[in-house]
Amino acid sequence: MNAEEIVGTAGVARRAVSSAESERASRAWWDADADDYLDEHARDIGETAFVWCPENLREDDAQLLGAPDELRGKRVLEVGCGSAPCSRWLAAHGARPVGLDLSSSMLRHATAANRRAGIEVPLVQAGAEHLPFADASFDVACSAFGAIPFVAEPGLVMREVARVLRPGGRFVFAVNHPVRWVFPDDPGPAGLTVGQSYFDRTPYLEVDAHGAATYVEHHRTLGDRVRDVVGAGLVLEDLVEPEWPEGHERIWGQWSPLRGRLLPGTAIFVTRRP
């Protein structure tokens, strides 16, 4: 059975979704889809690699979290770690990461990958809107398409991350580029035609036969993202829009060479707690 069958998806709806319903749906979805997702994308994300996005931007090259020697000994929180390849990359570079994810199935895969790699990364199951950590307990935080697109209150995530960061701590997070919201999730020519308003924040919502959410993805404009960052007391230092690299022919969901040459697919926000 695929994830849609397991969670009982029966159709698509248009309505607001609360934080609680969104979290329930995401937990159930990723528990159901973890096996298939990782079967499909294992070679994209690896087990000990830090890949920021489908454009294949890697932390080895981008150094958005700082130079490798700057990470050594630093306590790092990965928000929405999935199977935790980024956390294992951090540990291999001398950092002290903690991987947090909502899905027990994803964390099961992360535990197995830890064993295979011989790298022990502490893992915590929790939602990103309420981080179970003390104030000022991390030097760095990161999120590579984890959690933020799937929460109803991303501003709360920003405030929570700011709370657990120490002064001077950096938070870098990658999300779908907001401009992609207006186009269908199609890697081919059909994905180049505007289908809805950029300013429509109604989430993409799949529901079961009773109308309960089975999958939710939330949209925010670039301005919304900046306001969330600034509202949390963080300083926005950079906004990276990775270009599609020459020779990269891999199709990943809606991301493709065709679209990547014309449209930004990812937005990476580099922020710092003063």
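Just the heavy atoms: all of them, side chains too, but no hydrogens, waters or symmetry mates, feed the values below. Quick caveat: nothing in here was measured; it's all calculated off a predicted structure.
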S.K.: Apply side chain to side chain donor-acceptor pair (under 3.5 Å) to Asn176 and His219, showing your working.
M.R.: CA-CA 9 Å; Asn176 313 60; His219 167 61; over 6 Å; no
S.K.: Indicate the atoms forming the closest heavy-atom contact of Val51 with Ala144, along with that distance.
M.R.: O-CB, 3.9 Å
S.K.: With a 4.0 Å cut-off, would you call Asp185 and Arg259 a salt bridge?
M.R.: no
S.K.: Taking CZ in Phe199 as the centre, count heavy atoms belonging to other residues, nucleotides or ligands within less than 6.0 Å. Is the count above 12?
M.R.: no
S.K.: Check whether Arg75 reaches the backbone of Ser137 with its side chain - one donor and one acceptor, N or O, closer than 3.5 Å.
M.R.: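 Checked: pair present.
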S.K.: Tell me the closest heavy-atom pair linking Ser87 and Val121, and the distance in Å.
M.R.: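 Reported closest heavy-atom pair: CB-CG1, 3.7 Å.
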S.K.: Taking the six-membered ring for Trp, are Phe150 and Trp30 ring centroids under 6.0 Å apart?
M.R.: yes
S.K.: If hydrophobic clusters are built by linking Ile, Leu, Val, Met, Phe, Trp and Tyr wherever their side-chain heavy atoms come under 4.5 Å apart, do Leu38 and Trp29 end up in the same one?
M.R.: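 Result: yes, single cluster for both.
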S.K.: Tell me if a side-chain donor or acceptor on Ser256 pairs with a main-chain N or O of Ile251 at a distance below 3.5 Å.
M.R.: no
S.K.: Is the backbone N or O of Leu102 less than 3.5 Å from a side-chain atom of Gln125, with the two atoms forming a donor-acceptor pair by type?
M.R.: yes
S.K.: Any side-chain to backbone donor/acceptor pair from His210 onto Ala212? Under 3.5 Å, distance only.
M.R.: no
S.K.: Before accepting this row, confirm whether a basic side-chain N of the pair Asp135/Arg163 lies closer than 4.0 Å to the acidic partner's carboxylate O.
M.R.: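 Salt bridge: yes.
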S.K.: Can you see which heavy atom on Leu77 is nearest to which on Phe133, and at what distance?
M.R.: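 Closest approach of Leu77 to Phe133, heavy atoms only: CD1-CE1, 3.7 Å.
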S.K.: Using a 3.5 Å distance criterion without hydrogens, assess whether the side chain of Glu206 forms a donor-acceptor pair with backbone atoms of Thr9.
M.R.: no
S.K.: Any side-chain to backbone donor/acceptor pair from Glu78 onto Pro97? Under 3.5 Å, distance only.
M.R.: no
S.K.: Examine the side chains of Thr221 and Asp224 and answer whether a donor and an acceptor come within less than 3.5 Å of each other.
M.R.: yes
S.K.: Over all heavy atoms of both residues, which pair between Gly211 and Arg15 is shortest? Give the atoms and the distance, please.
M.R.: O-NH2, 2.8 Å
S.K.: Could you tell me whether Arg72 and Asp69 make a salt bridge, using a distance below 4.0 angstrom between a side-chain N and a carboxylate O?
M.R.: no
S.K.: Please confirm whether the backbone N or O of Glu153 pairs with a side-chain atom of Glu129, one donor and one acceptor, at under 3.5 Å?
M.R.: yes
S.K.: In the single-linkage hydrophobic clustering (I, L, V, M, F, W, Y; side-chain heavy atoms under 4.5 Å), do Trp52 and Trp89 co-cluster?
M.R.: yes
S.K.: If you draw a 6.0 Å radius around CD in Glu243, do more than 12 non-hydrogen atoms from other residues or ligands fall strictly inside?
M.R.: no
S.K.: Provide the closest heavy-atom pair for Leu258 versus Gly188 in the form atom of the first, atom of the second, distance.
M.R.: CD2-C, 3.5 Å
S.K.: Mind listing the closest non-hydrogen atom pair of Ala128 and Glu160 along with its distance?
M.R.: O-CB, 4.2 Å
S.K.: Is it true that Asp44 and Arg250 have a side-chain N and a carboxylate O under 4.0 angstrom from each other?
M.R.: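 Here Asp44 pairs with Arg250 in a salt bridge, since their nearest N and O are under 4.0 Å apart.
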S.K.: Can a donor-acceptor pair be found, under 3.5 Å and without considering hydrogens, that links the side chain of Glu21 to the backbone of Ala213?
M.R.: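 Here the side-chain-to-backbone pair exists.
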S.K.: Using a cut-off of 6.0 Å, state whether more than 12 heavy atoms not belonging to Glu5 lie near its atom CD.
M.R.: yes
S.K.: In terms of side-chain heavy atoms, does Asp200 have a donor or acceptor partner in Thr202 at a distance below 3.5 Å?
M.R.: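 Per modelled atom types, Asp200 and Thr202 side chains form a pair under 3.5 Å.
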S.K.: Is a donor on one side and an acceptor on the other found under 3.5 Å between the side chain of Arg201 and the backbone of Ala16?
M.R.: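 Checking the backbone N and O of Ala16 against the side chain of Arg201, no donor-acceptor pair under 3.5 Å is found.
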S.K.: Mind running side chain to side chain contact (heavy atoms under 4.5 Å, CB included) on Leu131 and Val161 for me, showing each step along the way?
M.R.: CA-CA 8 Å; Leu131 298 176; Val161 172; 4.1 Å; yes
S.K.: When you look at CZ of Arg43, are more than 12 heavy atoms from neighbouring residues, nucleotides or ligands closer to it than 6.0 Å?
M.R.: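 Count not over threshold, so no.
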S.K.: Please answer whether the main-chain N or O of Val7 pairs with a side-chain N or O of Asp208 as donor and acceptor at a distance below 3.5 Å.
M.R.: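 Pair absent, no side-chain N/O of Asp208 close to backbone of Val7.
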S.K.: Under 4.0 Å between a side-chain nitrogen and a carboxylate oxygen: does that hold for Glu70 and Arg170?
M.R.: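 No salt bridge links Glu70 with Arg170.
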S.K.: Run the side chain to side chain contact (heavy atoms under 4.5 Å, CB included) check on His218 and Val175 step by step: do they pass?
M.R.: CA-CA 11 Å; His218 297 271; Val175 294; over 6 Å; no
S.K.: ring-ring contact (aromatic ring centres under 6.0 Å, His included): which pairs involve residues 226-245, sequence neighbours left out?
M.R.: Trp244-His248
S.K.: Would you say Val79 ends up clustered with Phe173 if hydrophobic residues are merged whenever their side chains have heavy atoms under 4.5 Å apart, either directly or through other cluster members?
M.R.: yes
S.K.: Would Leu90 and Val140 count as a side chain to side chain contact (heavy atoms under 4.5 Å, CB included) here? Give the steps.
M.R.: CA-CA 11 Å; Leu90 287 161; Val140 178; over 6 Å; no
